2 protein chains.
Amino acid sequence: MTQPAVSRQVASLERKLGVGLFRRVPRGVEPTAAGAIAIEEARNVLDRLGTLQARMEAFADLRTGHVRISSFPSANTDFVPAAIRRFRDLYPGVEVSLVQGDVAGIRAGDVDLAMLTTWDTAPEEVVTVPLLDEEHWVALSEAHPLASLTTVPLRQLRADSWVEGSHPDCLGPLDILAEALGGPPRVGFTCEDWTGKQALVAAGMGVTIISTLAAAALRPGVVLRPTAPRLPSRGVLAATAPSQARSPATTAMLRVLTDLGASYR
Amino acid sequence: MTQPAVSRQVASLERKLGVGLFRRVPRGVEPTAAGAIAIEEARNVLDRLGTLQARMEAFADLRTGHVRISSFPSANTDFVPAAIRRFRDLYPGVEVSLVQGDVAGIRAGDVDLAMLTTWDTAPEEVVTVPLLDEEHWVALSEAHPLASLTTVPLRQLRADSWVEGSHPDCLGPLDILAEALGGPPRVGFTCEDWTGKQALVAAGMGVTIISTLAAAALRPGVVLRPTAPRLPSRGVLAATAPSQARSPATTAMLRVLTDLGASYR
DNA sequence: GAAAGCCATGCGCTTCATGCATACCAAACC
DNA sequence: GGTTTGGTATGCATGAAGCGCATGGCTTTC
């Protein structure tokens, strides 16, 4: 800012306030009593503007903020917790929540980032980013007659009892499984969580399907085997608001998720 | 301010800060976490700006401030104290000082308002405002032989002892007095202050000249008489910086002085 | 299905602020 | 005493930024 500009601004301010702020002395200017107070108060104003900007930068620089993630059981087994762990190491000031809710929560403002699979349908207005592709294996008790095979023909599981979950991704698209089996699976148990399902399988009470993400927390006594025919793979996605409506923390979390997803390949 | 202007400003601010401040929801906007903080801090900034303005208005509205006046003994006798009294009644928040210094102090910044007479010379760059014209009388002891006259011929005071002060305005231009007397006055005493001079006069130790302003505090035992020929009158002025460089308090004091001067006529 | 709210954007305009060059003033210096 | 120097105010022209109006797009509501 050049000197004439300052000169004008000061003169204009003096006119607006109706008070002289500077006395013109031989070798420059000198604040009047009012001017000294004006300088003091102006510093206060600048200080406040500074803290405003600093607090906003804290959001932009990820020293504070909040990300709310909705996810699904198999992603919660290992992938999302690992992402949260990495995120908190990188940005300890940012709060991370795992919330109940689905992808519709993004539009409603209840969720910042939703984990999805390609078997889900995403609304039009959210952006989905592919993270990784996962395979499906059949999970058997290590005492199961077919446990010694390297690849399990699905038809031979026709008579087995199947453990399903309430979440639709638990056994995958049932029609595909039914086709491979040669008929609808015989569902012996329904269990919400992976721990319970694996416990049932380990106890020899049935077989089930486990995907890559859920396989990270495999219980002793349970073995995984590829199937013939192969079960279809499934893409895992993250859904967020479009980039201009995304918070810096959400963007950062998305980056952590894609990085982590890449390392899974 | 119209809605599109606000919309643009918010968008621009969000771009500058790198943080979204409002989420666009179906029926309007809603502050984000960062936006809520920004609003809070913005209120702080506005508060500070408000106090800045309020404190400046306190100067403009004469609820605070400072006037430094330099004056001379006869004006200090009654006129200036009365003006200060009236000023403080009108503007109790404004501090008033009587300072040592002369009209040169205005330029130097030590004095805001200087009392002058037409017998003084004022620098070019100050503004002088006439307040009143004062007459001069001869002061005699009430026991003085000429005290019974309504008008005292100055020639008859040729042989009297005169009391002068160190300040040049005490006996007025000596040459005029000398001409009226028919010769230089015989100076018997020199006394700085009016009280002392009047005491000497009351004690019959000499005579002196007293002007209108000094006459306000006339001591018992001293009488004032017009002279023949009449002594010249003298204008009393106030000198300040030019109006655009004047503080509101100085302007107000100048107004009080002119009002009070007018009431002296 | 139509109407009403509400935010974002294109467009044209005005206003404000800035920078450059310069005038002006007083002090300091040779 | 004249000249140089440090510093502020002003005329002028350029440039940018902000505003208002009108409009578009989207959603909710009657």
Side-chain angles (χ1 to χ4, degrees), chain A residues 1-36 38-39 42 45-46 49 52-53 103-111 122-127 239-247, chain B residues 1-36 38-39 42 45-46 49 52-53 101-111 114 121-127 239-247:
Chain A
M1 207 164 170
T2 60
Q3 173 270 322
V6 176
S7 187
R8 280 181 207 281
Q9 288 298 316
V10 170
S12 158
L13 188 60
E14 286 177 327
R15 239 181 303 110
K16 277 179 201 154
L17 296 175
V19 187
L21 300 177
F22 294 94
R23 272 186 351 98
R24 277 62 181 176
V25 293
R27 59 185 170 292
V29 295
E30 183 182 88
T32 62
I39 290 171
V45 173
L46 292 179
L49 271 174
L52 166 53
Q53 189 174 359
V103 69
I106 292 176
R107 236 182 68 76
D110 303 321
V111 174
E124 186 66 28
E125 65 272 8
V126 303
V127 172
T240 66
S243 79
Q244 73 273 13
R246 232 178 258 157
S247 75
Chain B
M1 206 161 169
T2 60
Q3 174 269 321
V6 176
S7 186
R8 281 181 206 283
Q9 288 298 316
V10 170
S12 158
L13 189 59
E14 286 177 328
R15 239 182 303 111
K16 279 179 200 154
L17 295 176
V19 187
L21 300 177
F22 294 94
R23 268 183 358 95
R24 277 65 179 175
V25 293
R27 62 185 168 289
V29 294
E30 180 181 272
T32 62
I39 290 170
V45 172
L46 291 179
L49 270 174
L52 166 53
Q53 189 174 0
D102 59 353
V103 69
I106 292 176
R107 238 183 67 76
D110 302 323
V111 174
T121 56
E124 186 64 29
E125 65 275 7
V126 303
V127 172
T240 66
S243 79
Q244 72 273 12
R246 231 178 259 157
S247 75

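Lettering of chains follows the sequences in order, A, B, ..., and the numbering in each one begins at 1. Worth saying up front: this structure is predicted, and the values here are computed from it rather than measured. Hydrogens, waters and symmetry mates play no part in the numbers below; they use all other heavy atoms, side chains included.
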Problem set entry | Straight-line distance of A/Lys16 NZ to A/Gln9 CD, nearest 0.5 Å | 7.0 Å
For this session: Quick one, give me the B/S/- string for nucleotides 15-22 of chain D, reading 5' to 3', where B means a protein heavy atom under 4.0 Å from the base and S means that only happens at the primed atoms, P, OP1 or OP2.
Result: ---SSBBB
Seminar exercise, completed: Taking for B/Arg107 and for B/Arg24 the nucleotide of DNA chain C with the nearest heavy atom, the one nearer the 5' end belongs to B/Arg24
Exercise. Tell me, do A/Val127 and A/Ser243 make a side-chain contact under 4.5 Å, heavy atoms counted?
Worked result: no
Exercise. Judged by atom type as modelled, is there a donor-acceptor pair below 3.5 Å linking the side chain of B/Glu14 to the main-chain atoms of B/Leu21?
Worked result: yes
For this session: Could you list where the contact with chain B starts and ends along DNA chain C, reading 5' to 3', using a 4.0 Å heavy-atom cut-off?
Result: C/dC6 to C/dA27
Problem set entry | Residue met sooner reading DNA chain C from 5', once B/Val29 and B/Glu125 are mapped to nucleotides | B/Val29
Exercise. Can you name the nearest heavy-atom pair linking B/Arg23 to A/Ala108, along with the distance?
Worked result: NH2-O, 3.7 Å
Problem set entry | Nearest atoms (heavy-atom pairs only) where A/Ala38 meets B/Leu52 | CA-CD1, 3.7 Å
For this session: Please name the pair of heavy atoms, one in A/Phe22 and one in A/Val10, separated by the smallest distance, quoted to 0.1 Å.
Result: CD1-CG1, 3.6 Å
Exercise. For A/Gly20 and A/Ala34, which heavy atoms make the closest approach, and how far apart are they?
Worked result: O-CB, 4.0 Å
Exercise. Which atom names give the shortest non-hydrogen contact between A/Ile106 and A/Ala241, and what distance separates them?
Worked result: CG2-N, 3.7 Å
